[in-house]
Amino acid sequence: MVRTRFAPSPTGHLHIGSARTALFNWLFSRHHGGDFILRIEDTDRVRSTEESTLAIFEALKWLGLDWDEEPFYQSQRTDIYKEYLENLLNQGKVYRCYCDPDELEEKKKLAFARKEKPKYDGKCRELTETYPDKPFVIRFKSPQSGKTEVDDLIKGKIIFENSELDDLILYRRDGTPTYNFVVVVDDVNMKITHIIRGDDHVNNTPRQILLYQALNAPLPEFAHMPLTLGKDKARLSKRHGATSVMAYKEMGYLPQAMINFLVRLGWSYGDQEIFSMDELVEKFSLENVGISAGIFNPDKLLWLNSHYIKEETDESLAGLLIPFLEKKGVKVDDVKFLAKIIKGFKERSKTLDEMADKTLFYFKDEIEYQPKAAKKFLTLEIVDVLTEVINRFEKAEDFSEEGIETIFDKITSEHNITLGQLAQPHRVALTGGTASPGIYEVIANLGKERVIKRLKDAIIFIENYG
RNA sequence: GGUCCCAUCGUCUAGUGGCCUAGGACAUCGGCCUCUCACGCCGAAAACACGGGUUCGACUCCCGUUGGGAUCACCA
């Protein structure tokens, strides 16, 4: 039974890179019909917040990554860690270290200055006496010779010299356990079979393997995925723009687009670009994960988003669009109408936010003309035509797109003008600008009453300013 | 600096020794379509970091150089 886990520390929003790690774990588990466990690594009590925990849940749900069992919280598992520590204590595999942290810090700096690797010197390693009144940390008695091999599912075999590793601290002087210890204990205790995580953990892996061995626990499989970098090839961070998954939701991205983008960053399946979630579960494998780091490419995400917007139904898009419209001051009370007008914007919008902006003219009482557009198309010469259109519209019984087209056809031939010459002034009068969905569609959706009012408003505008 | 990892178009990538005159996608640039803007379609430009080997034959294997990244906490 495959069991993977996603173990974020709740110190902020869900980062794009973390989401990708979660996705790969989730896909691997689901592909193998296994479990996907969520573990909140909140041992850093000052930086961890419940708000962040909730934000992480929300982001995972938005992405469609569901987890099995209740989430685990490391802060509630101190007894378990103690138990495992006892085990090590009894075996004599750990020891108390009374070294002064400031002194250690000094030594480290010195080592760096001498261009040597800063390593704990093992001063307390063979200490036999104990000092009950002195503060201490608990260190792992790491083997000083030999090699530790990591058989990485993505990177292949990586060999470390044990002499490179120092005696890492398992418990701090305040009596709380450290990361490398709790991770191993939890992964053992939760029977995690595959540890899929970021590249930045490879150097932790030999120490963790040594801990597994000390605990006499079976070793899981390791798979280290390449990191996501920013445009300047540095680790993706805020300076590269939004890094929070939910920020993308707020900018009008669809979760399918995010998933599809994230998975293709490092994973491929021949030349295929578009994958549904079901397809991913079916096709995902670690063998097809690349080994080199990838750069976050916002343009590709945007393209994927426009693709999924086109795939979405008008009705569901309408539902998704409402919050974006409300943010812009539009109260939507007719969702049917919204779904109807959306048709014209699906192929014109790359995000929901952009779509909301474009639909705005439908909801306005007064149209504000873009100065350039008004100057070019709302001119004195067009007033006669506009007036005639109003007359025809008033008498029109068929106000469907076809009916409107018939009227426009008549006018263009009678006045010997092109459709462009007729449509553009209408577009400006009706929408305020020169770009919109098809003019018949806009007129039909707006309805006779609003169209006539806007055309009349335009004539008044021309007479005053034209 | 030590250790570890990585290296195909600007970017994501296909490529697992001959199928490569290196394929696809995004972005870019042209054209077509057209009531505008888009969409769509067609086309162009664009890469195997470098140097040695191994081999009848290297993008593919090995070594080195260069470049990039990660990590070296009583953070996770």
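Lettering follows sequence order; numbering is per chain, from 1. Not measured: the values here are computed from a predicted model.
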Asks: Is Lys346(A) close enough to rC37(B) that one of its side-chain N or O atoms is under 4.0 Å from OP1 or OP2 there?
Replies: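 No, because none of the side-chain N or O atoms of Lys346(A) sits under 4.0 Å from OP1 or OP2 of rC37(B).
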
Asks: Among residues 133-155 of chain A, which contact RNA chain B at a heavy-atom distance under 4.0 Å?
Replies: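 Residues of residues 133-155 of chain A under 4.0 Å from RNA chain B: Val137(A), Lys155(A).
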
Asks: With respect to the side chain of Ile439(A), which nucleotide from rC35(B), rA76(B), rU71(B) is positioned closest?
Replies: rC35(B)

Asks: Spell out yes or no: do the side chain of Arg427(A) and the base of rC35(B) have one donor N/O and one acceptor N/O closer than 3.5 Å?
Replies: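 Check passes, donor-acceptor contact within cut-off.
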
Asks: Would you please say whether a donor-acceptor pair under 3.5 Å links the side chains of Gln424(A) and Arg427(A)?
Replies: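 Yes.
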
Asks: Please identify each residue that fulfils side chain to side chain donor-acceptor pair (under 3.5 Å) with Arg96(A), with sequence neighbours left out.
Replies: none

Asks: Identify each atom pair where a protein N or O and an N or O of nucleotides 59-66 of chain B are less than 3.5 Å apart, giving names and distance.
Replies:
none

Asks: Does anything in residues 411-418 of chain A come within less than 4.0 Å of RNA chain B? Heavy atoms only, and list the residues if so.
Replies: none

Asks: Any cation-pi pair here, Arg20(A) with Phe24(A), using under 6.0 Å and within 45°?
Replies: yes

Asks: Any idea which of rA70(B), rU11(B), rC35(B) is nearest the Arg235(A) side chain?
Replies: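 Out of rA70(B), rU11(B), rC35(B), the nucleotide with an atom closest to Arg235(A)'s side chain is rA70(B).
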
Asks: Starting the side chain at C-beta, find the nucleotide from rC74(B), rU71(B), rA76(B) nearest to Asp200(A).
Replies: rU71(B)

Asks: Taking the same atom, P, in rA45(B) and in rU54(B), what whole-Å distance lies between them?
Replies: 37 Å

Asks: Counting just side-chain N and O atoms, does Thr43(A) come under 4.0 Å of either OP1 or OP2 of rA76(B)?
Replies: yes

Asks: Do any side-chain nitrogens or oxygens of Lys310(A) fall under 4.0 Å of OP1 or OP2 in rG40(B)?
Replies: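 Result: yes.
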
Asks: Using a cut-off of less than 4.0 Å, is there contact between a side-chain N or O of Lys231(A) and OP1 or OP2 of rU11(B)?
Replies: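 Negative; the distance criterion is not met.
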
Asks: Looking only at side-chain N and O atoms, does Ser268(A) come under 4.0 Å of OP1 or OP2 in rA14(B)?
Replies: yes

Asks: Just to verify, what does Tyr120(A) make a side chain to side chain donor-acceptor pair (under 3.5 Å) with, not counting sequence neighbours?
Replies: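 Testing Tyr120(A) for side chain to side chain donor-acceptor pair (under 3.5 Å), a comparison that skips the adjacent residues, returns none.
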
Asks: Let me have a per-nucleotide readout for nucleotides 21-33 of chain B, 5' to 3', with B, S or -, counting only protein heavy atoms under 4.0 Å.
Replies: --BBBSS------

Asks: Would you mind pulling out the nucleotide paired to rU3(B), Watson-Crick or G-U wobble, both distances under 3.5 Å?
Replies: rA70(B)

Asks: Verify the distance criterion only: is there a donor paired with an acceptor across the side chains of Ser75(A) and Asp42(A) at less than 3.5 Å?
Replies: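 Judged by distance alone, the side chains do pair up.
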
Asks: Who does rC20(B) pair with, Watson-Crick or G-U, both distances under 3.5 Å?
Replies: none

